[in-house]
Amino acid sequence: MRLSLKALFVNALLALIASMLIAPVLGTSVSVVATTIVAISTITQYIAPSFFKGVAMEGLQTEVWIAGIKENPIPDNSFVYQSVDLSQYVEHNKLHLAEAGVEPAVHEDYFATANNPLPVTDIADIANEVVLHTYSTEQTRHRELQEIELSYDRRSSVIQRHRVSLAKNIGKRAAYAWAPKQDDAGNKVCNLSASDSVIDAIIDLKQFMEENDILEGVNICFTPEHFARIRKEDKRLYKDILNEKQMYGIKVFQYSQNPLYTSAGVKKPFGSTKESTDKRATFMWVTDEVFRCFGDVEMYATLRDSGLQADTLSFAQRALVGVIRARNPKFLGAIL
């Protein structure tokens, strides 16, 4: 049975804290009690490791590994960051989200012509409690996870694989959630033919946003196909986009896993396979209209699995991405 030096340090620290309470009762020194506790626990872990069932050591490992997942759940340059972070409103992996109610009307010189009190408008926010989804990585097999845990580079390499997989999953779900279902009064979908201008469609979407008084916080995420069409339409504009990461005051991103739409302009269910007539969409959204949030991260490790004769590891990330106006999404755009 190998002992993690970090686990031994934590045990010593806990023993010191406990001895401060026990020593006065026994009438002995703190150092004697702390040394005794550490010695007994260490010897027991060597002689009868099953007595602990790995609780103390696995608890330490869990904290070390989980910290690596929580540190940077999505890349800094990801389009997912162009959203409101609602993680602070998550309690027990539930998001308590309030959707803004009706805005009150404004009256000019109301009492010049009326003696009655001002009309009352109910502006109560719409309560909306949502349980965060659980995204679990598949198990990965390793040799001697306890040794890997002691090596920063090796541990980081393992964590990175799981973190990248989780981040890709969140990216796909954000792209799907932040794209409109179809063209309607609150959202705009431009369904293009092969000869239509992508640049003109972008200008049309920008106009739609401006007609709704949205002048800032607008983002667009291109498919590789649409970005290539911009290059063909205007090479200089394409070069400017590459250099500035924006166009017409819109922040620009590119992603290959944007949602699919039917030829009629209706968004297909998440995870659908692409049919010959389907179109992958470039989508536009407003930062203040969408959100991301993260909850708990759990690590599941099995040491010395008898069937695999190896250690296995997987992670579970509680997270959620969506639109703030959950009941009636608005100000989303798409180019097909």
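- Between the side chain of R163 and the backbone N or O of G68, at least one donor-acceptor pair lies under 3.5 Å.
- In this model, a donor atom of one side chain and an acceptor atom of the other lie less than 3.5 Å apart for R292 and S83.
- Remark: F270 pairs with Y176 by the ring pair (Phe, Tyr, Trp, His ring centres under 6.0 Å) rule, at least two apart or across chains.
- Partners of L132 by side-chain contact (heavy atoms from CB on, under 4.5 Å), not counting sequence neighbours, listed by chain and number: V90, L95, C293, R318, L320.
- Of the possible polar contacts, none joining the W178 side chain to the V286 backbone as a donor-acceptor pair under 3.5 Å is found.
- A salt bridge links R325 with E289: the distance from a Lys NZ or Arg NE/NH1/NH2 to an Asp or Glu carboxylate oxygen falls below 4.0 Å.
- Of all heavy-atom pairs spanning I202 and M247, the tightest one is CD1-CE, 3.8 Å.
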Q.
Test ring pair (Phe, Tyr, Trp, His ring centres under 6.0 Å) on F222 and Y255; report intermediate values, then the result.
A. CA-CA 6 Å; F222 289 111; Y255 189 48; over 10 Å; no

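- Between L215 and E210, some side-chain heavy-atom pair lies under the 4.5 Å cut-off.
- L242 has its side chain within reach of F227: a pair of non-hydrogen atoms, C-beta onward, lies under 4.5 Å apart.
- Side-chain polar atoms of Q317 and T134 form no donor-acceptor pair below 3.5 angstrom.
- For the atom pair CG of N187 and CE of M284, the computed distance is 12.5 Å after rounding to the nearest 0.5 Å.
- Using a 4.5 Å heavy-atom cutoff, the side chains of I199 and Y248 are in contact.
- In this structure the side chain of C190 reaches within 4.5 angstrom of the side chain of L205, judged on heavy atoms.
- Of the charged side-chain nitrogens involved, at least one lies within less than 4.0 Å of a carboxylate oxygen, so that K268 and D278 count as a salt-bridged pair.
- D240 and N243 share no side-chain donor-acceptor pair at under 3.5 Å.
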Tell me, with the steps shown, if S314 and E138 meet side-chain hydrogen bond (donor to acceptor under 3.5 Å, both in side chains). CA-CA 6 Å; S314 69; E138 291 186 352; over 6 Å; no

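- Put simply, the side chain of I74 reaches to within 4.5 Å of the side chain of F294, judged on heavy atoms.
- Not one N or O on the side chain of S78 forms a donor-acceptor pair closer than 3.5 Å with the backbone of P75.
- Across all their heavy atoms, I250 and K206 have their closest contact at CD1-CD, 3.6 Å.
- A donor-acceptor pair under 3.5 Å is formed between the side chain of K267 and the backbone N or O of A179.
- Taking all atoms of both residues into account, the shortest heavy-atom contact from A174 to V80 is CB-CG2, 4.0 Å.
- Using modelled atom types, no side-chain atom of D288 and backbone atom of G217 make a donor-acceptor pair closer than 3.5 Å.
- Residues S156 and D153 bring no donor and acceptor atom of their side chains to less than 3.5 Å of each other.
- You'll find the side chain of F208 reaches within 4.5 Å of the side chain of N212, heavy atoms only.
- Counting only heavy atoms from C-beta outward, the side chains of T282 and V198 never approach each other to under 4.5 Å.
- Applying the ring pair (Phe, Tyr, Trp, His ring centres under 6.0 Å) test to every pair with at least one member in residues 308-336, sequence neighbours left out, gives these pairs: H162-F315.
- Looking at F283 and N258, their side chains come closer than 4.5 Å, going by heavy atoms from C-beta outward.
- Across all their heavy atoms, A316 and S136 have their closest contact at CB-OG, 3.9 Å.
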